[in-house]
Amino acid sequence: MNTFSSFVRKDILDLQAYSTAHPTKGILLHAMENPYDWPIDLKTALLTELSTLSLNRYPDGEADLLKTELRQSLGLPNHLDILLGNGSDECLQILFLTFQNSERGLFTIEPTFVMYKTIATVVGLPYHSEPLDPNFTLDREKCLATIRKVQPALIVLSYPNNPTASCFSEADIRLLLEAAPGMVVLDEAYYPFSQKTFITELEQFPNLLILRSFSKMGLAGLRLGYAVGNSKIIALLNKVRLPYNLNAITQSIARFAIRHEDVFKAQVGKIVQNREVLYQALQALPGLTVWPSEANFIVLRTPAGRALTIFESLKKNNIFIKCLDGTHPLLQDVLRVSVGTEIENHRFLEILKTLL
Ligand SMILES: *Cc1c(COP(=O)(O)O)cnc(C)c1O
């Protein structure tokens, strides 16, 4: 045992570092990435634009130009503001740090995005959760009872939920918004694929914060996420944010991407089409339970005890998906597959068929 570990908090020692599988060859359906790269002429135009950056200078710490263009693209009214982060992961970290002093902690459902728990643990924010129903819907009464009991400073929900792929009912979200003693954070990382949002409700609920990301729509390599909320909350969060959290290259590429958002919208449209084809095909396979998806991935349950073997066999065929079996009791025998190109999905289905 190293002596320095005696200086480290026990809950940090007990944490597992988030390990990101990073295969670079094969059919990559494990990380909810957009499978389509940019057209080459767009990349060339981007390189020209990047060559004008002065990398000897600090970036704009407020990223004002990017914020203005993002604001226009979202059509945000004046009283709302934006917090930018190095991925929405960083926005979550800033948010949890800001509310860390609260005894009251965070409430979410499970299974959900594991970073909520990890970041809460690291910053020392008490974590409370209720399990979903076996069909992955929210148990309203149980959630409300726990919220009443623990009076959380933050309620965080992934909408649609990762890893269960669907949005909770609008009525349920409203109920939680009305019951919340503190902030409600809706993580809309998959908004491009669901087209469902509460961003229009920010007016009515000043305690609401919407989290979005550039990652899933097609810029996972960029690391850019943001939170939208009333300017008073954003001003608070900005006190905690480090001054130059967004580098000059990220700011420049993001502005370029916003100017070319039609390219990404077209890709997203194609992914949504592919998702429906993949969903129908999976449903037609014997022995699988497949859940409808409002995101760019699909969750399915294999015959009992088979998930890991199927996952490993796909890997041997250079097809990388995610095995969720063992990560939560409700995810027994569950696999998660990102929606790829038509060719990738076809190949995945062909191999999967031979394994069932
Ligand atoms: C992928 C994902 C994110 C991560 O977003 P980044 O912007 O890449 O950090 C956030 N929330 C959920 C629910 C996700 O699935």
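Only this structure's heavy atoms are used, side chains among them; waters, hydrogens and symmetry mates stay out. Atoms within a ligand are numbered from 1 in the order they appear, just like the ligands themselves.
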Counting only heavy atoms closer than 4.0 Å, does ligand 1 sit against the backbone of [X], its side chain, both, or neither?
X	value
Phe214	neither
Asp187	side chain
Glu90	neither
Ala189	side chain

Electrostatic pair [X]-[Y], nearest N-O below 4.0 angstrom:
X	Y	answer
Glu130	Arg140	no
Arg347	Glu342	no
Arg174	Glu201	yes

Give the numbers and elements of all ligand 1 atoms closer than 4.0 Å to a heavy atom of [X].
X	answer
Arg223	6 (P), 8 (O), 9 (O)
Tyr190	1 (C), 14 (C), 15 (O)
Asp89	4 (C), 9 (O)
Gly87	6 (P), 7 (O), 9 (O)
Asn162	13 (C), 14 (C), 15 (O)

Subject >> Ser215-ligand 1 polar pair, N/O distance under 3.5 Å >> reply: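 The answer is yes, given that Ser215 and ligand 1 share an N or O pair closer than 3.5 Å.
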Subject >> Polar atom proximity, Lys216 to ligand 1 (N or O, under 3.5 Å) >> reply: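 Indeed, backbone or side chain, Lys216 has an N or O that close.
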Original post:
Nearest to atom 6 (P) of ligand 1 by heavy atom, Ser88, Gly85, Gly225, Pro160: which?
Top reply: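 It is Ser88 that holds the nearest heavy atom.
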Original post:
Regarding Glu33 and Ser338, is there a side-chain donor-to-acceptor distance under 3.5 Å anywhere?
Top reply: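 The answer is no; no qualifying pair exists.
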Original post:
Ser158 and Asn162: side-chain donor and acceptor closer than 3.5 Å?
Top reply: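 Their side chains do not contain a donor-acceptor pair, so the 3.5 Å distance test is not met.
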Original post:
Do the non-hydrogen side-chain atoms of Leu331 and Asp325 ever get within less than 4.5 Å of each other?
Top reply: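 Side chain of Leu331 against side chain of Asp325, heavy atoms only: no contact under 4.5 Å found.
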**OP:** Compare all side-chain heavy atoms of Pro111 with those of Thr164 and state whether any distance is below 4.5 angstrom.
**Re:**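 Answer yes - side chains close enough.
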Report all side-chain donor-acceptor pairs from residues 75-97 shorter than 3.5 Å, counting only partners two or more places apart or in another chain.
residue	atom	partner	partner atom	Å
His79	NE2	Glu203	OE2	3.3
Glu90	OE1	Asn86	N	2.6
Glu90	OE1	Asn245	ND2	3.1

